[in-house]
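Worksheet for the structure shown next.
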2 protein chains.
Amino acid sequence: MIRPSNFFSLPSVLPDQELFESLFFKENIRIERIISTGQTTPLGQWYDQEQVEWVILLQGEAVIFFEDGLRCKLLRGDYLLIKAHQKHRVEYTSIEPPCIWLAIHVYS
Amino acid sequence: MIRPSNFFSLPSVLPDQELFESLFFKENIRIERIISTGQTTPLGQWYDQEQVEWVILLQGEAVIFFEDGLRCKLLRGDYLLIKAHQKHRVEYTSIEPPCIWLAIHVYS
């Protein structure tokens, strides 16, 4: 009986920065785990990505703000699609529990 | 404040069959939610897929058996990569709680 890797296994000490880990690459796809512990996008900065990102929050709570004025609160299990160049900022991420995101990046 | 879809929201009545729902399609990628409630692959049958599948079990417990003799027990949060044409069978899926899988299919 083999035991696979577990997505919810965290390092015993989390760094001060967000932790980005690529779990799988293939062709135009990247699957990434992101751990956030209170970090937010600095004021005035935006994520502006060339790729489409399908993202699900699997632990914690977070708020994402989009340039068009929409604000999205995410609880455990919430998922959304962020289009290419849909500018957004992460306004809030919970510290306890840490946010654990699964992001699927699809490049054109 | 908008509220996104939630991956853990299940229909109030689950069908007798496994439930497969595509959450996102783009180019060579398909993201799928699968809900299993005790179903297994019929004896003597195998999944033999042309695509690579990265899969994570997000609720429940399951056992997958591979043609090379390896048996893999999955608990909540366990993930694995199933290569193209890596024949496998699902030998067990928990009924309570139902298994909720997130599968990312990558076609060549």
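Residue numbers begin at 1 in each chain, while the letters A, B, ... track the order of the sequences. Note that this is a predicted model, so its numbers are computed, not measured.
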For chain A, which of [options] has the most heavy-atom pairs under 4.5 Å?
| options | value |
| --- | --- |
| B/Leu74, B/Leu80, B/Val106 | B/Val106 |
| B/Ser9, B/Cys72, B/Gly69 | B/Cys72 |
| B/Ile104, B/Ile64, B/Val63 | B/Ile104 |
| B/Leu57, B/Leu23, B/Leu70 | B/Leu23 |

Which pair of heavy atoms, one from [X] and one from [Y], lies closest together, and at what distance?
| X | Y | value |
| --- | --- | --- |
| B/Arg3 | A/Lys73 | NH1-O, 3.2 Å |
| A/Tyr107 | B/Glu27 | O-OE1, 3.8 Å |
| B/Tyr79 | A/Pro4 | O-CB, 3.3 Å |
| A/Asn6 | B/Leu75 | ND2-O, 4.4 Å |
| B/Phe24 | A/Leu81 | CE1-CD1, 3.5 Å |
| B/Val52 | A/Lys26 | CG2-CE, 3.7 Å |

Check for me, please, whether [X] and [Y] land in the same ILVMFWY cluster - side-chain distances under 4.5 Å, paths through other members count.
| X | Y | result |
| --- | --- | --- |
| A/Phe65 | A/Val90 | no |
| A/Phe20 | A/Trp54 | no |
| B/Tyr92 | B/Trp101 | no |
| B/Phe8 | B/Ile34 | no |

Most heavy-atom pairs under 4.5 Å with chain B, out of A/Asn28, A/Ile100, A/Ile56, belong to A/Asn28

In this structure, CG of B/Leu58 is separated from CG of A/Leu102 (nearest 0.5 Å) by 7.5 Å

How about [X]: does its [atom1] atom have over 12 heavy atoms from other parts shown lying under 6.0 Å from it?
| X | atom1 | value |
| --- | --- | --- |
| A/Ile2 | CD1 | yes |
| B/Asp16 | CG | no |
| B/Gln17 | CD | no |

